[in-house]
Protein chains: 2
Amino acid sequence: MTRLEPSPTAPRRKRLTVEARREEFICKATEFFAEEGFGGGTRELAAKLGVTQPLLYRYFPSKEELIQAVYRRVYLDRWKPEWDALLKDRTQPIRRRLQRFYEAYTDAIFDRAWLRIYFFSGLKGVEINRWYIAMVETRILKPLIAEFRHEAGLAPRDPPAPEDLELAWVLQGGIFYYGVRKFIFELPVEEDKSRVIANALDVFLAGLASHYGVTIPP
Amino acid sequence: MTRLEPSPTAPRRKRLTVEARREEFICKATEFFAEEGFGGGTRELAAKLGVTQPLLYRYFPSKEELIQAVYRRVYLDRWKPEWDALLKDRTQPIRRRLQRFYEAYTDAIFDRAWLRIYFFSGLKGVEINRWYIAMVETRILKPLIAEFRHEAGLAPRDPPAPEDLELAWVLQGGIFYYGVRKFIFELPVEEDKSRVIANALDVFLAGLASHYGVTIPP
DNA sequence: GCACTTATTTTTCACTTGATAAACAACGGA
DNA sequence: TCCGTTGTTTATCAAGTGAAAAATAAGTGC
């Protein structure tokens, strides 16, 4: 089984295998640290991986670097690029846009491991957590307010009023806390997530319209 | 400086001193674990207290018992008994009641140490955290729904519909997350807490009324 | 001043932690 | 078959962990 072009590809194939192993390490480490917190021991993690502890240090120079890799795995690439367009797609009413967005978004983040890493890292005060929250504000809440104002016939305003942002945060936090109760605290919650989102949006949009003395088309 | 009644009071005064010291330990331990998490070392804690590490074991049989004491200090006695009456005081409109309640309640729990211990213990899955959340549902959200229905002229319903509870949780979680952003993530937020609460209640109550096709007196 | 209790520190233990270096095993190419 | 590269384990280290025992300091009642 000799290859025609062995010299450039053969070493690359080996490196790829290494990358796959590395990926497996990160994946399992995410689950592990999600359960144990970042204080979890490297030996226990290695046992979970079915390897010995020093092997971890062949792939990551330190535990901290492994944790950084977990951060990246958890925080980055969660956001689907089409969501930006969805939120701003004025061919459909804002309620339907928000419903679709929040269903997809919560599908992506309502996951025990994700939520736990989110809070563990947030409690540690790491930068990537603040970066993520800034992204939420920029890509969800600001468009949400802008689109609401447009749909309600209010004059556009950029940047949005801090008060409006704060109101959007109450909605965001309210929906988010549903996931926290279900996946972190493991409490019994209403199981129909779509319904929870629908009701939350219903109350929020009607309340915001009333707050501004306007009406929005259903 | 001899005392007239030394025999019964003198030993009690010593015990009192011990209790005071114990209290100081718990108090400082709360701050310490709030910052470091429960993985924080006993030596570092002792240094913060200005004593040596083995002394902790004179007052608490184990680190875990000290942590339990911290839980009790944090979770118990936060709830002011008058809040129950406040929420049900039908001599004032529900909006004012909720405004007053949430201002007082958030004054009590929007505290860096409290919120961090809340999440550290919640992530650990300890029982007292679940107990606390059950209390929130019983003493805040259920009355809130019941009082809203009364004020809106809707038939009383006990227990409240799960859907209504879930809606109340969105409000609760939304307000709570304001504290999380400010005191845990330390992000810049709207500083006027009363205003945030007022707006959140405004939108929620108007939205809920619209949701049920009713009106509530301002 | 003296005996006795009690608060506190010093010393120490057994174990766990992250991390390193050396030994070993597998495998691919000549 | 041997060689060298590489993935993996074994053995080990120094520092830090919760906890206990022993030694010391500081009162307290008589």
Side-chain angles (χ1 to χ4, degrees), chain A residues 1-29 32-33 35-71 120 124, chain B residues 1-29 32-33 35-71 120 124:
Chain A
M1 271 207 188
T2 50
R3 209 73 59 74
L4 289 178
E5 314 160 314
S7 48
T9 50
R12 190 178 304 153
R13 197 171 61 90
K14 279 186 188 170
R15 281 201 202 114
L16 201 72
T17 304
V18 168
E19 270 307 307
R21 168 61 60 103
R22 209 183 122 95
E23 279 303 303
E24 197 205 348
F25 277 19
I26 295 173
C27 187
K28 289 272 180 64
F32 176 75
F33 288 129
E35 288 308 310
E36 308 290 325
F38 296 117
T42 52
R43 271 163 244 266
E44 208 183 331
L45 168 58
K48 183 187 165 98
L49 281 159
V51 299
T52 55
Q53 178 248 4
L55 189 60
L56 293 173
Y57 290 85
R58 264 283 135 85
Y59 292 88
F60 303 93
S62 69
K63 183 185 178 183
E64 188 54 36
E65 291 261 355
L66 171 56
I67 291 174
Q68 301 289 336
V70 168
Y71 287 157
F120 278 128
K124 262 179 54 176
Chain B
M1 270 209 188
T2 50
R3 211 65 66 70
L4 291 177
E5 315 161 316
S7 48
T9 51
R12 189 177 305 153
R13 195 170 64 88
K14 278 188 191 171
R15 285 204 199 111
L16 201 73
T17 304
V18 168
E19 268 309 304
R21 168 59 62 102
R22 209 183 123 94
E23 278 304 301
E24 196 205 349
F25 276 20
I26 295 174
C27 187
K28 288 271 180 66
F32 176 73
F33 287 129
E35 287 310 310
E36 307 291 324
F38 295 118
T42 52
R43 272 162 245 265
E44 207 183 331
L45 168 57
K48 183 186 164 99
L49 281 158
V51 299
T52 55
Q53 178 249 3
L55 189 61
L56 293 173
Y57 290 84
R58 265 279 134 83
Y59 292 87
F60 302 94
S62 70
K63 183 186 178 182
E64 188 53 36
E65 291 262 353
L66 171 56
I67 292 174
Q68 301 289 336
V70 168
Y71 287 157
F120 278 128
K124 261 179 55 177

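Each chain gets a letter, A, B and so on, in the order its sequence line appears, and its residues count up from 1.
- Residues satisfying the salt bridge (Lys or Arg N to Asp or Glu O under 4.0 Å) test with Lys124(B), not counting sequence neighbours, are none.
- Atom P of nucleotide dT9(C) and atom CG of Leu49(B) are separated by 11 Å, given to the nearest angstrom.
- With rounding to whole Å, Arg21(B) atom CZ is found 13 Å from dG27(D) atom P.
- Rounding to whole angstrom units, CG of residue Leu56(A) and P of dA21(C) are separated by 17 Å.
- Every residue two or more places apart in sequence or in another chain that forms a side-chain hydrogen bond (donor to acceptor under 3.5 Å, both in side chains) with Gln68(B) is listed here: Glu64(B).
- In this entry the distance linking CG of Leu55(B) with P of dT9(C) reads 6 Å, nearest Å.
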Item checked: Audit row: Leu56(B), Leu49(B), side-chain contact (heavy atoms from CB on, under 4.5 Å) steps and yes/no -> CA-CA 10 Å; Leu56(B) 293 173; Leu49(B) 281 158; 3.8 Å; yes
What nitrogen or oxygen pairs link the protein and nucleotides 15-18 of chain C at under 3.5 Å?
from	atom 1	to	atom 2	distance (Å)
dG18(C)	OP1	Gly40(A)	O	3.4
dG18(C)	OP1	Lys63(A)	NZ	2.7
dG18(C)	OP2	Thr42(A)	N	2.8
dG18(C)	OP2	Thr42(A)	OG1	2.9
dG18(C)	N7	Arg43(A)	NH2	2.6
dG18(C)	O6	Arg43(A)	NH2	2.6

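- For Lys48(B), the salt bridge (Lys or Arg N to Asp or Glu O under 4.0 Å) partners at least two apart in sequence or on another chain are Glu31(B).
- In this structure, the CD atom of Glu19(A) is 11 Å from the P atom of dG7(D), given to the nearest Å.
- Residues forming a side-chain hydrogen bond (donor to acceptor under 3.5 Å, both in side chains) with Glu36(B) (at least two apart in sequence, or on another chain): none.
- Identified under the ring pair (Phe, Tyr, Trp, His ring centres under 6.0 Å) test for residues 41-60 of chain A, with sequence neighbours left out: Phe25(A)-Tyr59(A).
- Arg58(A) contributes a side-chain N or O that forms a donor-acceptor pair with the base of dT8(D) under 3.5 Å.
- At whole-Å resolution of the value, CZ in Arg22(B) and P in dA7(C) are 13 Å apart.
- Taking 4.0 angstrom as the limit, Tyr59(A) places a side-chain polar atom (N or O) nearer than this to OP1 or OP2 of dT8(D).
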